[in-house]
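What you see below is based on every heavy atom in this structure, not just the backbone, and it leaves out hydrogens, waters and symmetry mates. Order of the sequence lines sets the chain letters (A, B, ...), proteins ahead of strands, with each chain counted from 1.
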Protein chains: 2
Amino acid sequence: MTIKSPKAALVPAAPHKGKTKLHSGIARSIGERILAGEFSPGSILPNEAEWCQIYSASRTAVREAIKLLTAKGFITSRAKIGSRVEPRARWNLLDREVLEWHRSASDRIAFLATTQEARRLIEPGIAALAASKRSQAHIERLVAAVEGMRTAKLGKPLVMADLEFHEALLAAAGNELLAPFGAVIASALFQLFDYTTPRNPRFPAALKMHEDIVRAIIAGDPGEARKRMQRLLEDTDQIIHKTSGGKH
Amino acid sequence: MTIKSPKAALVPAAPHKGKTKLHSGIARSIGERILAGEFSPGSILPNEAEWCQIYSASRTAVREAIKLLTAKGFITSRAKIGSRVEPRARWNLLDREVLEWHRSASDRIAFLATTQEARRLIEPGIAALAASKRSQAHIERLVAAVEGMRTAKLGKPLVMADLEFHEALLAAAGNELLAPFGAVIASALFQLFDYTTPRNPRFPAALKMHEDIVRAIIAGDPGEARKRMQRLLEDTDQIIHKTSGGKH
DNA sequence: GGACTTTTAATTGTCATACAATTCTTGACA
DNA sequence: TGTCAAGAATTGTATGACAATTAAAAGTCC
């Protein structure tokens, strides 16, 4: 049974700003449409020739877009069949680009809640791992990151410093399979930025919590590091809940 | 400073079994060489024309391979520059294909240790989440999965049933950002298979531990579910340590 | 001589066309 | 009815050409 997608909207999604390569723009458009549910897992996408018409592009560009989506686990292609959407469990949702598409194609509040839930699940363990390994170079990077947060201007510089802290922590955990979560953390911090600007009255408290985590890691106390990270994340979530409803 | 890779080995890596598409074979070969450290982050890869010679393939196939690697976060391409290897933190190591390459290109014992560490970090939290959400459909899938394990023949069928259990658990956690970890679990179970075959005397105990997890989830007890999962993973790791040295 | 601008050249990005390989569908045939 | 062969639709690969990008080199002016 070939579930042919009905009337595969002959109109490309709204073009995006910036000068991206043609094929990645096409990939993004198709990816967002899949994420939005326009094409369900198991269904067959339009074939290459149709995509060429839809996006007024050459087969080369369309094929590269499809290859990109294939590499991210969204679809598989077979001769004579076409491209079929893979089950959601196969999608590489931790991919940076995919997270970006996802954020564009989802309800912002719900998506932020999902990312924060993932962080609560993983980052305390990350902190504990970092405390148990405690390599010198990584600790120095963490200390520098906290110092960077202290001296950063409010606004985007602070967000970047915060991100550097969490990425340093991820590196300190010393398990490269966890690295892809950096993209989730980055996504979460950028989203949280919308809630904490233009001013962040909680800043001194937040800074201290970051310091506490580093202290626990230096002390080599995994349990304490885990607990401190849990506290930080809970505090962050409170900001969301208080500000919620104030979506811009 | 353009770090041109020296004498980029004009010989393709050993071809792999099975009839894969040409471009994905090339992607795999280049990907493994990057994972193996032959091309370091920051360095410039050979250009498309050179790859064409190296693999005796057309530019079309080579470009699709490069697009694939780009989509997985390994490289970026810019005109006049070429393709540069991205920092390791950008690599999508949770991707199914990449895990496969990784396993081929790494020390097996070390790689298994890394995957198990990641599992210990994440799966207890997964179990806890599943217990806190506890949706009917997911519980039924879990129960069926345990039943599948009970009735499966030893060997590969049991591995598949085990995998289904952990995938069901992942689904029950109800956070799609965690889905990519299914690939890590799958990779770990297939590797563990090498240690537990041809017979698994621990099987009855392992089955009970899986049941205990489901029971805790049905009871809606996140703490208990987490603890039971921790126990299961610890037990698994003991198998490794006892059998270690017995790599086939 | 030094800072700025223009030209050049190397590389990837896109297009167009043709053919090969795969595999579903259909029809012939026993 | 079941099996096998021919056909057709779709993706995979090859080839050649040109456009776009941009680092590097060559001029140019002060």
Protein-nucleotide distance (A:R84, atom CZ; D:dT10, atom P), rounded to Å: 14 Å
Contact check, residues 56-67 of chain A vs DNA chain D, heavy-atom distance under 4.0 Å, returns A:R59, A:R63, A:K67
Hits for side-chain hydrogen bond (donor to acceptor under 3.5 Å, both in side chains) against B:T70, two or more places apart or cross-chain, chain-then-number order -> none
Is A:H23 close enough to C:dG13 that one of its side-chain N or O atoms is under 4.0 Å from OP1 or OP2 there? no
Does B:R78 have a side-chain nitrogen or oxygen under 4.0 Å from the phosphate oxygens OP1 or OP2 of D:dA20? no
Are the side chains of B:I30 and B:Y55 in touch, meaning some heavy atoms are under 4.5 Å apart? yes
Those residues that, when tested against B:H23, pass ring-ring contact (aromatic ring centres under 6.0 Å, His included) (two or more places apart): none
Test: A:E32 and A:R28 ion pair at under 4.0 Å: yes
Shortest non-hydrogen contact from A:G73 toward A:E86: O-CB, 3.5 Å
Tell me: CG of B:L22 to C1' of D:dT11, nearest whole Å? 14 Å
Centroid-to-centroid, B:F181 to A:F181, below 6.0 Å? yes
How many Å lie between CG on A:N47 and P on D:dA8, as a whole number? 18 Å
B:L69 has an atom CG; how far is it from atom C1' of C:dT12, in whole Å? 16 Å
Whole angstrom is fine here: how far is it from CD in B:E48 over to C1' in D:dA14? 14 Å
A:K80 or A:K21: which one's nearest nucleotide on DNA chain C is closer to the 5' end? A:K21
